[in-house]
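One structure is given here, and the rest of the page talks about it.
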Amino acid sequence: MTTPARTRFAPSPTGYLHIGGARTAIFAWLYARHTGGQFILRIEDTDRKRFVPDALDKIIEGLRWLKLDWDEGPDVGGPHGPYIQSQRLAKYQEAADRLVEQGHAYRCYCTPEELAEMREKQQANKEKIGYDRRCRWLTPEERAAKEAEGRSWVVRLAVPLEGSVTFNDLIRGEVTFNNEELQDAVLLKADGYPTYHLAVVVDDHDMEITHVIRGEEWISSAPLHVHLYHAFGWNLPIFAHTPSILKPSGKGKISKRALNTPDGSTIPVMLHEFPELGYLPEALFNFLSGIGWSLDDHTEIYDRETAIKHFDLKDINPGPARFPAEKLEWMNGVYIRMLSIDELVQRLIPYLSRDLGVPEEELARDERLRIIAPAIQERLKKLTDAAPLVDFIFADEIDIGDPKLLVPRKTTPEQTVDILSNIIATLEQVESWDEETLERALRGLAQEMGLKAGQVFSPIRQAVTGKKVAPPLFATLVAVGRETALQRLRDALARLQAWIQSQ
RNA sequence: GCCCCCAUCGUCUAGGGGACUAGGAUGUCAGCCUUUCAAGCUGAAGACAGGGGUUCGAAUCCCCUUGGGGGCGCCA
């Protein structure tokens with residue numbers, strides 16, 4: 001067994017959590033659980049301008065829905081709290097002061113306007129863009145003058161001017177940057193809030209994080225963090241930069257809003273959208289864990305216990321991956337089919353209630369739903385697919401549409417009148433209303449009339465469900481019930497006759 | 001523009017010098033099953049980006065090219 005790891009997921013409430021972030025969270029969670037360590041949730045809310053009020057709730061809801069539990073976090077507490085960065089400001093300020101005192105950082109008095117001007121000039125002259133470190137070289141007198149002016153300031157890291165930094169990434173191996181490429185990044189903003197760079201390093205150290213697992217967009221700021229760890233005199237954690245998930249088109253990484261797939265359908269990208277769209281959390285978990293990582297060379301469907309057992313950060317494939325949307329549809333269907341009937345019904349109820357306008361308690365009591373459930377189970381890719389498959393059961397009246405739809409292929413309307421009459425007669429006399437009896441009776445009728453089974457079945461389907469495509473016929477009839485089914489057949493017959501007359 | 005990361009079937013992946021005539025899955029196509037639609041079963045097509053090395057031997061190691069991704073904010 002590996003030594004217990006402390007990993008964390010640190011979302012920022014500046015927006016909702018997308019599946020790329022959710023996948024990183026899954027990896028961090030899996031590794032903590034695999035090593036028997038702890039998983040920590042930390043909120044990085046140091047950007048006061050971009051704060052989105054309900055983002056945090058949505059993020060937490062989503063993580064809980066995925067059943068990622070954390071051992072320490074804003075809502076559960078822990079020995080290293082608080083776990084919300086805006087409540088830890090004093091720590092960052094102290095840390096920044098310390099760096100300034102020791103000469104690892106300095107106060108910069110440049111205004112945003114001055115910096116913008118500088119960048120413009122750099123662009124115009126095709127120079128390298130970046131802070132020119134003008135405040136790094138200020139003499140004590142100049143500094144005193146700026147302070148006396150009452151100018152506000154930020155704290156910047158005094159990055160080494162020469163040499164290079166190398167750090168080890170568990171997924172990618174050694175990564176080296178020349179110090180010349182690095183910026184004197186801002187650590188503490190004028191409003192007293194830390195930037196990401198200061199806050200992560202201070203918190204990860206403070207919270208004893210052993211493995212920093214985050215998206216690959218952070219890889220280019222990792223050298224900054226390494227310098228910060230050195231400046232503080234702290235040991236480096238182990239880094240693991242997760243590959244990003246690209247749009248299905250492969251153009252750019254996944255961002256906000258639903259995505260268009262090549263076949264014209266759309267897929268959601270925000271974690272909180274998945275529940276309402278009928279995806280199962282265990283399916284999404286399995287699916288997301290399989291992007292950039294695989295259990296072995298042949299297993300696709302596995303539960304989280306199995307994933308925990310086999311997971312290792314070093315097995316993550318470093319290459320970016322497109323979002324394989326079709327595979328999720330398939331996998332969600334697999335998970336739906338693995339549900340017991342009781343569980344399927346339970347999970348279906350909220351969706352049917354929402355889409356059909358029937359109260360949940362009523363659906364829970366309605367045995368017709370339980371009867372039809374086995375018949376629709378293998379037809380569902382998402383829980384939301386159920387409503388259009390069963391709506392006829394709960395409808396007061398069926399719109400059969402064009403009466404011609406009652407007429408099977410290779411059959412005339414007149415013959416269909418005959419067929420329907422016989423069906424009604426047969427069903428009126430059937431001794432019991434169960435699938436087996438109905439099938440025997442209706443197949444017998446077809447044979448008697450010298451018809452193919454489909455010629456008898458399809459008018460029934462159309463009359464009872466109003467659809468060309470519906471769940472298997474006998475289960476459908478049983479679910480609808482004898483009286484309703486017969487009534488719908490009689491209505492259909494009447495409409496067909498009326499239509500023939502009018503021709 | 002500069003820096004960093006990456007590169008196996010359309011897509012997600014297995015592979016970490018000989019076990020590779022490159023495995024699985026999805027998607028596609030065909031057949032079977034069949035009352036519609038599914039599901040299921042069977043089968044087919046389908047990849048080591050290109051070029052140089054290293055080696056007896058390279059999908060696997062090195063270099064270059066190409067292509068993709070990311071970063072270059074008082075945003076995370």
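Order of the sequence lines sets the chain letters (A, B, ...), proteins ahead of strands, with each chain counted from 1.
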If you check every side-chain atom of [X], which of [options] has the closest atom?
X: A:F474; options: B:U35, B:A14, B:G24; result: B:U35
X: A:P318; options: B:U13, B:C6, B:A25; result: B:C6
X: A:D47; options: B:U35, B:G27, B:A76; result: B:A76
X: A:R50; options: B:U35, B:A76, B:U36; result: B:A76
X: A:P472; options: B:U36, B:G70, B:C74; result: B:U36
X: A:W330; options: B:U11, B:A25, B:C5; result: B:A25

Does [X] get its side chain close enough to the base of [N], under 3.5 Å, for a donor-acceptor pair?
X: A:E216; N: B:G70; result: no
X: A:R172; N: B:C5; result: no
X: A:K128; N: B:C2; result: no

Salt bridge [X]-[Y], side-chain N to carboxylate O under 4.0 Å:
X: A:R134; Y: A:E117; answer: no
X: A:E282; Y: A:R347; answer: yes
X: A:D203; Y: A:K91; answer: no
X: A:K189; Y: A:D191; answer: no
X: A:R379; Y: A:D385; answer: no
X: A:R107; Y: A:E147; answer: yes

Atom [atom1] of [X] to atom [atom2] of [N]: distance rounded to whole Å?
X: A:L389; N: B:U36; atom1: CG; atom2: C1'; answer: 12 Å
X: A:I316; N: B:U13; atom1: CD1; atom2: C1'; answer: 14 Å
X: A:I245; N: B:G70; atom1: CD1; atom2: P; answer: 13 Å
X: A:F239; N: B:C4; atom1: CZ; atom2: P; answer: 18 Å
X: A:H225; N: B:G71; atom1: NE2; atom2: C1'; answer: 12 Å
X: A:E378; N: B:A38; atom1: CD; atom2: P; answer: 12 Å
X: A:R337; N: B:A39; atom1: CZ; atom2: P; answer: 6 Å
X: A:H197; N: B:C72; atom1: NE2; atom2: C1'; answer: 10 Å

Counting the atoms with a prime plus P, OP1 and OP2 as sugar-phosphate, which does [X] contact under 4.0 Å by heavy atoms, base, sugar-phosphate, or nothing?
X: A:I291; result: sugar-phosphate
X: A:G292; result: sugar-phosphate
X: A:A321; result: sugar-phosphate
X: A:C108; result: nothing
X: A:K314; result: nothing
X: A:E326; result: base
X: A:Q183; result: sugar-phosphate
X: A:P194; result: sugar-phosphate
X: A:S294; result: sugar-phosphate
X: A:W293; result: nothing
X: A:S244; result: sugar-phosphate
X: A:V154; result: base
X: A:P112; result: base
X: A:K467; result: nothing

Which base, if any, makes a Watson-Crick or G-U wobble pair with [N], both distances under 3.5 Å?
N: B:C29; value: B:G43
N: B:C56; value: B:G18
N: B:C2; value: B:G71

OP1 or OP2 of [N] under 4.0 Å from side-chain N/O of [X]:
X: A:T46; N: B:A76; value: yes
X: A:N317; N: B:A14; value: yes
X: A:R119; N: B:C74; value: yes
X: A:K189; N: B:C75; value: yes
X: A:R443; N: B:U35; value: yes
X: A:K327; N: B:G27; value: no

With rounding to the closest Å, how many angstrom separate the [atom1] atoms on [N] and [M]?
N: B:C5; M: B:C9; atom1: P; answer: 22 Å
N: B:A76; M: B:G70; atom1: C1'; answer: 14 Å
N: B:G46; M: B:U11; atom1: C1'; answer: 12 Å
N: B:G16; M: B:C62; atom1: P; answer: 16 Å
N: B:G15; M: B:G51; atom1: C1'; answer: 24 Å
N: B:G57; M: B:G18; atom1: P; answer: 14 Å
N: B:U28; M: B:G68; atom1: P; answer: 28 Å
N: B:G31; M: B:U36; atom1: P; answer: 15 Å

Report task. Return the orientation label for the A:H197 and A:H225 ring planes: parallel under 30°, perpendicular over 60°, tilted otherwise. Result -> tilted
Requested in this report: Could you tell me whether the side chains of A:D303 and A:T306 share a donor-acceptor contact shorter than 3.5 Å?
Outcome: yes
**Report entry** A:R156 vs A:F177, nearer the 5' end of RNA chain B by closest nucleotide
**Finding:** A:F177
**Report entry** Nearest-nucleotide 5' precedence on RNA chain B, A:T195 against A:R379
**Finding:** A:R379
**Report entry** Heavy-atom check, side chain of A:Y92 versus side chain of A:Q85, under 4.5 Å
**Finding:** yes
Query raised in the report: Are the aromatic ring centres of A:F27 and A:F9 under 6.0 angstrom apart?
Result: no
